[in-house]
Amino acid sequence: MRTKLVAANWKMHLDLSSAIELTQALLDQIKDLPNPPNVILSPGFPLLSVVSDKIKPYSNFKLAAQNFHESVSGAFTGEVSADMLRSVGVTHVIIGHSERRQLFSEGEDRLTAKLHRALEAGLIPIFCIGESLSDREENKTFDRLSAQLEPGILNLSKEAFEKVIIAYEPVWAIGTGKTATPAQAQEVHAWIRQQFHTQWGATTAENCTILYGGSVNASNASELFSCADIDGGLVGGASLKANEFYQILKALPA
Ligand code: 13P
């Protein structure tokens, strides 16, 4: 059975008091819903521990880190390991976000190393893929996505892959207010699922959670989440406002 969920990527926003306030507002709003949605919060590193403590009593809330280092430990000043994250209650980690790929030059080799390290450490990877505007305009969307899936994801064993969450985030839709139409997003999600079907068979493909990310908001979430192959969202800007994020959570089918 496929898990439907919404993940909030807070990126480099919020300080301690605003993170506590936002988390508390979400917990207060959600407690009245008949079917509590599955929610993943991804605060910046210094906020993980306090958000972890706040969400601990709520089993439908999980905690993700936005990044980590692929080594087990060592002299890597300024970096954070998977085990450190585990020790403060982190269960998931975002890998391959387009901002890491573009702004921090994280290439496929590094992302594959992170994917393996996360799985070894017992963290659930939220592995992001997505094409740029020029890829799309030049009809290279599926070539780009293949190049991002092949080195790491498609080389996993079936058992390892079954732990992974995929996020499709078209780069041209991130933080731009331009959302992929439900038809555009569904077309890509169905294609992604087909790659998993070819690799590991129908059951594994059907059970994989594939999130859509890129300007998801309270107005477009229902339509996106009602598409057959879209299992929820990875939300940036709109996850920073409690009321708007609550509306997005309510749009998630039970
Ligand atoms: P926006 O929702 O702000 O477009 O960001 C999407 C994103 O990058 C989530 O990881």
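In each ligand, atom 1 is the first atom listed, and ligand 1 is the first ligand listed.
We find the OG1-CG distance between T23 and L14 to be 8.0 Å, quoted to the nearest 0.5 Å.
Taking any N or O of S215, backbone or side chain, at least one lies under 3.5 Å from an N or O belonging to ligand 1.
Comparing H97, E99, K11 by heavy-atom distance to atom 10 (O) of ligand 1, the nearest is H97. Of all the listed residues (G175, S98, G236, G130), G175 holds the heavy atom that lies closest to atom 4 (O) of ligand 1.
The one candidate from L22, I30, V39, V216 that meets the side-chain contact (heavy atoms from CB on, under 4.5 Å) condition with F245 is V39.
For the pair R193 and F196, the NZ or CZ position fails the cation-pi test of under 6.0 Å to the six-membered ring centre and within 45 degrees of the ring normal.
Annotation for ligand 1: atoms under 4.0 Å from non-hydrogen atoms of A173 are 4 (O). Within ligand 1, counting atoms from 1 as listed, the ones closer than 4.0 Å to a heavy atom of G237 are 1 (P), 2 (O), 3 (O).
Residue, atom and distance of the protein heavy atom nearest to atom 9 (C) of ligand 1 are E169 OE2, 2.9 Å.
Contacts of N9 with ligand 1, taken as heavy-atom pairs under 4.0 Å, involve the side chain alone.
Between Q186 and W191 the shortest side-chain heavy-atom distance does not fall below 4.5 Å. Residues I129 and I153 are not in side-chain contact: their nearest non-hydrogen atoms beyond the backbone lie 4.5 Å or more apart.
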